[in-house]
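Below: the structure, in C-alpha cells.
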Amino acid sequence: MDDLPPIPFGRPMLGQEEREAVLSVLDGPQLVHGPVAAQFETEFAERAQTEFAITVSSCTAGLYLGLLTHGVGPGDEVIVPAMTHVATAHSVELLGAKPVFADVSPESGNIDPAAVKAAVTERTRAIIVVHYLGLPCDMDAIRPIAKAAGALLIEDAALALDASYDGVKVGGLADLASFSFYPVKHMTSAEGGMVTSNNEGISNLVRRQKAFGYDRSLGERTKPGIYDVTLLGNNLRMSEIHAAIGLAQLRKLDAMQAARAENFARIAAGLADVEELTIFPRQLGKAESSHYCLNLNLPRDGSLERDDVVGALKAAGIGTSVHYPSAVSQFSYYREKYGYKPGDFPVAEWIGAQAISLPVGPHLAAGDPDRIVSAVKNAVSHAKSRT
C-alpha cells in the first residue's frame, strides 16, 4: 500500500486537445466576444437539451445573473438549501436580498420540498434548488410550490452536469440553471460557468447583463464601437481561452462520465455492507445522478469521529474532501447576521459535521475503486477502535 501513488480527490483531465485549442485562440485575433464561446454555447445547449446556453465567468455569476433577471433585490427572499456551497446563498446576498434556508432530506441531501413549502412567504421571489452531488431534486414536488408562490425557479447544477429527472436533463428542469466548470468538476474550462434556459426572455437578459447591459453585442454592431446601455449590467463574461478549454472538454465528456459512473458503482457496492455508513443513492425515484463524488455520511450520534476516518484514509493515500463543511446557516457570516442557532437545520448540520467525500472521477486508475473500498473499511475499523 505504501508503494502505491496517492489518489487525489480530483484532478483536471487535460490533454493535447485543450492545449491545441488554447494555442489556436492565442494565434487568432479575438480573446473575448468571439466564435469559440459561441460554439461552446451551441454545443453545450445540445448536450443539456435546452434551447439556450450562455457562457459566464462562474456558476456563482450565473446564479447572480439569473436572480437579476427577475429583479431580485432588497426586501426580497430567496429559498435555498441549508446544505450547499456558500456560493448559492452568496448570490442572493450580493443582490441585497435575504437567503431563507430550508433543510434537506436525509435520503439524498437534496432540499426537502416540505421545508421549501414551509419557508414560502409573501416576500419569496425565487427558489434555488441544488442537485446535491449530482442527484436531481424532487422537481415534481418543488415546481408546484414555485408556481403557487410566483417564484422564479433556479437549478444550481454545479455538480449535476448530465444528470436527469424523469428523462429530462438537468439544465432544463426549471426557469434557468447554472453550471460550474471549476477544475475538478465533471469538465472544466479552467474557470467559468454556463447558464441554460428554455426561456428566450430570461436568456436574452442574462446575455446582456453579463456584459455591462449593452443593447448590442460585438457581432451585432453595424458601426464599430457604437452601442447603447439600456440596463444595469456587469462584466461576467467568459474569455475565448476558457471557452476553448471547455469546448475541448465537452467533446470528450462521454468517456469521462462513463468512468465516473463505473467508479461510483464499484465503490458504493463495495461499501454497501458497512452499516456505520449512509451513502446517498445514484438513483432515487425519477432522479438519475451524474456521480460527482461519493459521500460517506458517518453516524449522526458522533460515534465515529470524522477526523479519525479522514486521517486513516490520508495515511493510506486516499484523497478526500467535504461537501460541505457546514450547514450554510452555521458559517459565521450567516450565523452572526441572521441569528441562526445549532439545531435549526438538523439534517444539513449532520451532513456538514459527518460527511466525507470520496473521489470517483476519471483520474482513478483501474484498481483504485477497490483500493478505496479497502481503505475505507480499514479506516472505519480504526475509528471504531478509538471510541
- Message: For Q16, I'd like to know if atom CD has over 12 heavy atoms of other residues, nucleotides or ligands within 6.0 Å.
- Response: yes
- Item | Minimum-distance pair of heavy atoms, taken over all atoms of F52 and S203 | CB-OG, 3.2 Å
- Message: Can you tell me if K117 has over 12 outside heavy atoms packed within less than 6.0 Å of its NZ?
- Response: no
- Query: Are the side chains of L65 and L236 in touch, meaning some heavy atoms are under 4.5 Å apart?
  - Reply: yes
- Verify salt bridge (charged side-chain N to carboxylate O under 4.0 Å, His left out) between K286 and D138, making sure each step is shown before the conclusion. CA-CA 8 Å; K286 297 178 179 181; D138 184 352; over 6 Å; no
- Task: Output yes when D76 and K98 qualify as a salt bridge under the 4.0 Å nitrogen-oxygen rule, no when they do not.
- Result: no
- Step through it carefully: locate the ring centre of H363, locate the ring centre of F9, and say whether they are under 6.0 Å apart. no
- Item | Distance-only side-chain donor-acceptor flag, D301 / S303, under 3.5 Å | yes
- Task: Indicate, with yes or no, if L135 and V130 share a hydrophobic cluster defined by side-chain heavy-atom contacts under 4.5 Å among Ile, Leu, Val, Met, Phe, Trp and Tyr.
- Result: no
- Task: Might you work through the ring-ring contact (aromatic ring centres under 6.0 Å, His included) test for Y338 and F101, ending with a clear yes or no?
- Result: CA-CA 11 Å; Y338 295 109; F101 297 111; 7.6 Å; no
- Message: Is there a path of hydrophobic side-chain contacts, each under 4.5 Å between heavy atoms, that joins V322 and Y324?
- Response: no
- Item | Residue pair V56, M238: steps toward the side-chain contact (heavy atoms from CB on, under 4.5 Å) verdict | CA-CA 5 Å; V56 290; M238 177 184 287; over 6 Å; no
- Message: Please say yes or no: joined through hydrophobic side-chain contacts below 4.5 Å, possibly via intermediate residues, are L173 and I142 part of one cluster?
- Response: yes
- Note on the structure: Of V104, D156, I351, the one forming a side chain to side chain contact (heavy atoms under 4.5 Å, CB included) with Y132 is I351
- Task: Search all heavy atoms of A316 against all heavy atoms of A375 and return the closest pair with its distance.
- Result: CB-CB, 4.0 Å
- Using a 4.5 Å cut-off on heavy atoms from C-beta on, say whether the side chain of L313 contacts that of V309. yes
- Side-chain ion pair, D308 and K384, N-O less than 4.0 Å: no
- Could you state the interatomic distance from CD1 (I145) to CD1 (I79), rounded to the nearest 0.5 Å? 8.0 Å
- Decide yes or no on salt bridge (charged side-chain N to carboxylate O under 4.0 Å, His left out) for R47 and D254, but give the supporting numbers first. CA-CA 10 Å; R47 181 88 188 196; D254 284 345; 2.7 Å; yes
- Message: Check E41 with R207, please: is the shortest side-chain N to carboxylate O separation under 4.0 Å?
- Response: yes
- Message: What I'd like to find out is whether the side chain of L26 reaches to under 4.5 Å of the side chain of V22, using heavy atoms alone.
- Response: yes
- Message: Rounded at 0.5 Å granularity, tell me how far CD1 in I356 sits from CZ in R306.
- Response: 7.0 Å
- Message: Tell me if a side-chain donor or acceptor on D112 pairs with a main-chain N or O of A114 at a distance below 3.5 Å.
- Response: yes
- Kindly compute the distance separating OG1 (T69) from CG (L231), expressed to the nearest 0.5 Å. 11.0 Å
- Message: Quick one, R335 with K341, criterion side-chain contact (heavy atoms from CB on, under 4.5 Å). Give me CA distance, side-chain angles, the key distance, then yes/no.
- Response: CA-CA 7 Å; R335 187 181 68 247; K341 303 179 299 299; over 6 Å; no
- Hey, what's the ring geometry for F40 with F181, parallel, tilted or perpendicular (30° and 60° as the breaks)? tilted
- Query: Is there a donor in the side chain of D162 and an acceptor in the side chain of Q257, or the other way round, less than 3.5 Å apart?
  - Reply: yes
- Query: Between F280 and F264, what is the shortest heavy-atom contact and its length?
  - Reply: O-CZ, 3.9 Å
- Query: Is the shortest side-chain N to carboxylate O distance from R251 to E17 below 4.0 Å?
  - Reply: no
- Message: Quiz question: by atom type and distance under 3.5 Å, do the side chains of T88 and H85 form a donor-acceptor pair?
- Response: no
- Query: So, H291 versus R282: side-chain donor-acceptor pair below 3.5 Å or not?
  - Reply: yes
- Note on the structure: dist L250:CG -> I245:CD1 (nearest 0.5 Å) comes out at 13.5 Å
- Message: To check you understand the geometry: which heavy-atom pair defines the closest contact between E18 and A248, and what is its length?
- Response: CG-CB, 3.9 Å
- May I ask you to say whether D175 pairs ionically with R143, meaning some side-chain N is under 4.0 Å from a carboxylate O? no
- Item | V170 and Y165, any side-chain heavy atoms less than 4.5 Å apart | no
- Out of curiosity, S91 OG to L63 CG, how far, rounded to the nearest 0.5 Å? 4.5 Å
- Message: Working note: H131 + L159, criterion side-chain contact (heavy atoms from CB on, under 4.5 Å); need CA distance, chi angles, decisive distance, verdict.
- Response: CA-CA 7 Å; H131 304 306; L159 306 183; over 6 Å; no
- Query: Run the side-chain contact (heavy atoms from CB on, under 4.5 Å) check on T121 and V100 step by step: do they pass?
  - Reply: CA-CA 10 Å; T121 73; V100 175; over 6 Å; no
- Interatomic spacing from CG in N234 to NZ in K210 - rounded to 0.5 Å: 12.5 Å
- Message: Can you see whether E240 engages Q30 through a side-chain donor-acceptor pair at a distance of less than 3.5 angstrom?
- Response: no
- Message: Just checking H186 against F179, ring centres under 6.0 Å apart?
- Response: no
- Query: Just by distance, with hydrogens left out, do S57 and E191 show a side-chain donor and acceptor under 3.5 Å apart?
  - Reply: no
- Please work out which of the three classes, parallel, tilted or perpendicular, describes the rings of Y227 and Y214, given edges at 30° and 60°. tilted
- Note on the structure: Note: N110 and P136 closest approach over all heavy atoms is ND2-O, 3.2 Å
- Under 6.0 Å from the CD atom of E200, do we count more than 12 heavy atoms belonging to anything else shown? no
- Note on the structure: Which of I7, N295, L271 passes side chain to side chain contact (heavy atoms under 4.5 Å, CB included) with L358? Answer is L271
- Query: Between Y334 and H90, does the ring centre distance come in under 6.0 Å?
  - Reply: yes
- Query: Which atom names give the shortest non-hydrogen contact between G62 and S178, and what distance separates them?
  - Reply: CA-OG, 3.4 Å
- Flag the pair V229 / F212 as yes when at least one side-chain heavy-atom distance between them is below 4.5 Å, and no otherwise. no
- Message: By the definition side chain to side chain contact (heavy atoms under 4.5 Å, CB included), identify the one residue from L161, T55, I54 that meets it with F44.
- Response: L161
- Item | Side-chain heavy-atom pair T188, L14 within 4.5 angstrom cut-off | yes
- Are the charged groups of E77 and R125 less than 4.0 angstrom apart, N to O? no
- Look at the side-chain heavy atoms of Ile, Leu, Val, Met, Phe, Trp and Tyr, link any pair under 4.5 Å apart, and say whether I241 and M13 land in one connected group. yes
- Task: Check whether L152 and V129 end up in the same hydrophobic cluster, where Ile, Leu, Val, Met, Phe, Trp and Tyr are linked by side-chain heavy atoms less than 4.5 Å apart.
- Result: no
- Determine whether S289 and Q283 make a side-chain contact, defined as any pair of heavy atoms from C-beta on separated by less than 4.5 Å. no
- With the side chain counted from C-beta on, respond yes when V274 and K377 share a heavy-atom pair under 4.5 Å apart, and no when they do not. yes
